[in-house]
Amino acid sequence: MGAPRKIIIDTDPGQDDAVAILLALGSPELDVLGITAVAGNVPLALTEKNARKICELAGRPETSVFAGCTRPLVRRLVTAEHIHGRTGLDGPDLPEPAMPLQEQHAVDFIVETLLAEDEKAVTLCTLGPLTNIAAALNRAPEIAPRIRELVLMGGGFFEGGNVTPAAEFNIHVDPHAAEIVFKAGIPLVVMPLDVTHKALTTARRVESFRALGTRVGIATAELLEFFERYDEEKYGSDGGPLHDPCVIAYLIRPDLFGGRFCNVAIETASELTMGMTVVDWWGVTGREKNAMVMRDVDSDGFFDLLTERLGRL
């Protein structure tokens, strides 16, 4: 194995964000330079705290966590407590974090890190609304060509939306930020609902986390049992989609995923379809291709990887 891949995780934890962070911290292929929190699933005061809770759960309190933007660039903040619970991490009883929150603003950390590291050295992993990334690009457009890749959970096409008929939550919360990111010329890999709805937390898979017998394994099972209750009722499925860990799993095992390079545009004008990811899957528009959009996942291989890596923590 070569040198670990340097990543920044931008996140709004969220139970599935928590599992993604645990996967990253349990994987030696990845060097987590910092975790930047953004308002999304719950307000910023909770997302930054939740990120620190997860670092401590993983036994990695030395990880640097930064607080970022409190609201979307243009629109008012929409949150998802009805899915994630009042804290955003309802399920297990996680203690208040003892590790400090870094004083530097997340956007400043993103800009300074990308300018300080070698060009194409840092990958951005975004698990929530893209507000922090768009704010960094607005402040310092010169960082765009320095980013190795941006792998994001967001959007949907064949699956439609999950917060409106047209829009997935992360893009819907801050569509104007998403539009900036998708137009920035950064190499993009998109994990939309089309993939994540094929990665279901079945009862057997959740039990495999609990069977690890560790604090991390038991807490993960409790997180997922709370998180999946909403989607099980909504979709009538055994388990719910495990969205955000797909981003981290792709960096470790890209062979688990399959997709197509195509154009993605973000709807920001229509209230009816606000935040829709308009994916030119069939190449009918002639617009320049700007993103690798994933559609398939080896779900058994994905959960095997998750269980093995969380077992290391």
Side-chain angles (χ1 to χ4, degrees), residues 8-18 20-21 34-54 65-90 97 101-102 104-111 124-139 150 152-156 161-183 191-193 196 226-227 230-231 234 243-244 247 266-277:
I8 295 172
I9 300 174
D10 190 71
T11 180
D12 61 337
Q15 288 88 352
D16 55 329
D17 306 70
I21 293 167
I35 297 175
T36 53
V38 68
N41 287 321
V42 287
L44 181 69
L46 290 172
T47 61
E48 60 87 352
K49 181 191 293 185
N50 290 348
R52 291 184 287 140
K53 285 183 177 181
I54 296 304
V65 176
F66 304 82
C69 297
T70 61
R71 50 158 292 171
L73 297 182
V74 176
R75 295 166 64 83
R76 66 177 182 85
L77 177 63
V78 175
T79 55
E81 286 89 351
H82 63 292
I83 298 172
H84 297 276
R86 181 182 55 82
T87 69
L89 286 184
D90 282 21
L101 178 69
Q102 300 299 308
Q104 188 178 29
H105 193 281
V107 173
D108 295 329
F109 168 74
I110 292 167
V111 170
L124 301 182
C125 305
T126 65
L127 314 178
L130 290 162
T131 315
N132 284 341
I133 310 304
L137 289 165
N138 282 343
R139 181 174 304 175
L150 191 155
L152 69 107
M153 190 279 132
N162 64 353
V163 66
T164 75
E168 176 275 331
F169 178 81
N170 286 343
I171 307 298
H172 177 75
V173 169
D174 199 342
H176 300 89
E179 182 178 45
I180 288 167
V181 170
F182 275 81
K183 287 182 174 180
M191 296 290 168
L193 300 178
T196 64
F226 183 91
F227 179 56
Y230 175 84
D231 284 328
K234 180 178 178 182
H243 308 286
D244 294 332
V247 169
I266 310 297
E267 176 59 61
T268 59
S270 165
E271 280 300 325
L272 183 64
T273 55
M274 179 67 69
M276 182 179 182
T277 44

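Below, all heavy atoms of this structure are taken into account, side chains as well, without hydrogens, waters or symmetry copies. Remember, it's a predicted structure, so these values are computed and weren't measured experimentally.
- Counting heavy atoms from C-beta outward, Arg52 and Leu101 have side chains that approach closer than 4.5 Å.
- Under the 4.5 Å side-chain criterion, counting only non-hydrogen atoms from C-beta, Leu137 is in contact with Val181.
- At least one donor-acceptor pair closer than 3.5 Å links the side chain of Ser270 to the backbone N or O of Thr273.
- Note that CG of Leu152 and SG of Cys125 are 10.0 Å apart. Values are rounded to the nearest 0.5 Å.
- Closest non-hydrogen pair, Asp10 versus Pro129, comes out as OD2-O, 3.8 Å.
- The NE2 atom of His105 sits 10.0 Å away from the OG1 atom of Thr36 when rounded to the nearest 0.5 Å.
- In this structure, Thr87 and Leu89 approach most closely via the heavy-atom pair OG1-N, 2.9 Å.
- With values rounded to the nearest 0.5 angstrom, Glu81 atom CD is found 9.5 Å from Asp90 atom CG.
- If you take OG1 on Thr164 and CD1 on Ile171, they are separated by 11.5 Å, rounding to the nearest 0.5 Å.
- Scanning both residues, Ala178 and Leu130, for their nearest heavy atoms gives CA-CD1, 3.7 Å.
- Contact record, Pro13 with Ala51: CG-N, 4.0 Å, taken as the closest heavy-atom pair.
- The two atoms that bring Met153 and Pro192 nearest to each other are CE-C, 4.3 Å, heavy atoms only.
- Looking at heavy atoms from C-beta onward, Leu193 lies in side-chain contact with His243 at the 4.5 angstrom threshold.
- Of the possible polar contacts, one joining the Arg71 side chain to the Val74 backbone as a donor-acceptor pair under 3.5 Å is found.
- Glu267 places a side-chain N or O within donor-acceptor distance of the main-chain N or O of Ala269, the cut-off being under 3.5 Å.
- Side-chain contact between Phe109 and Asn132: absent, with no pair of heavy atoms (C-beta onward) separated by less than 4.5 Å.
- The side-chain heavy atoms of His84 and Gln15, taken from C-beta on, include a pair separated by under 4.5 Å.
- Exactly one of Thr277, Thr268, Leu73 qualifies for a side-chain contact (heavy atoms from CB on, under 4.5 Å) with Pro175. That residue is Thr268.
- Looking at Leu44, Asn170, Asn50, Thr79 one by one, the single match for side-chain contact (heavy atoms from CB on, under 4.5 Å) with Asp12 turns out to be Asn170.
- Interatomic distance, CD of Gln102 versus CZ of Phe66, reported as 4.5 Å (0.5 Å rounding).
- The shortest non-hydrogen separation linking Val163 to Glu168 is CG1-C, 3.9 Å.
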- Task: Given side chain to side chain contact (heavy atoms under 4.5 Å, CB included), test Ile110 with Ile133 step by step and report yes or no.
- Result: CA-CA 8 Å; Ile110 292 167; Ile133 310 304; 3.9 Å; yes
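- Looking at Phe169 and Asn41, their side chains come closer than 4.5 Å, going by heavy atoms from C-beta outward.
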- Stepwise, does the side chain to side chain contact (heavy atoms under 4.5 Å, CB included) test hold for His176 with Asp174? CA-CA 6 Å; His176 300 89; Asp174 199 342; 4.0 Å; yes
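- In this structure the side chain of Pro72 reaches within 4.5 angstrom of the side chain of Leu77, judged on heavy atoms.
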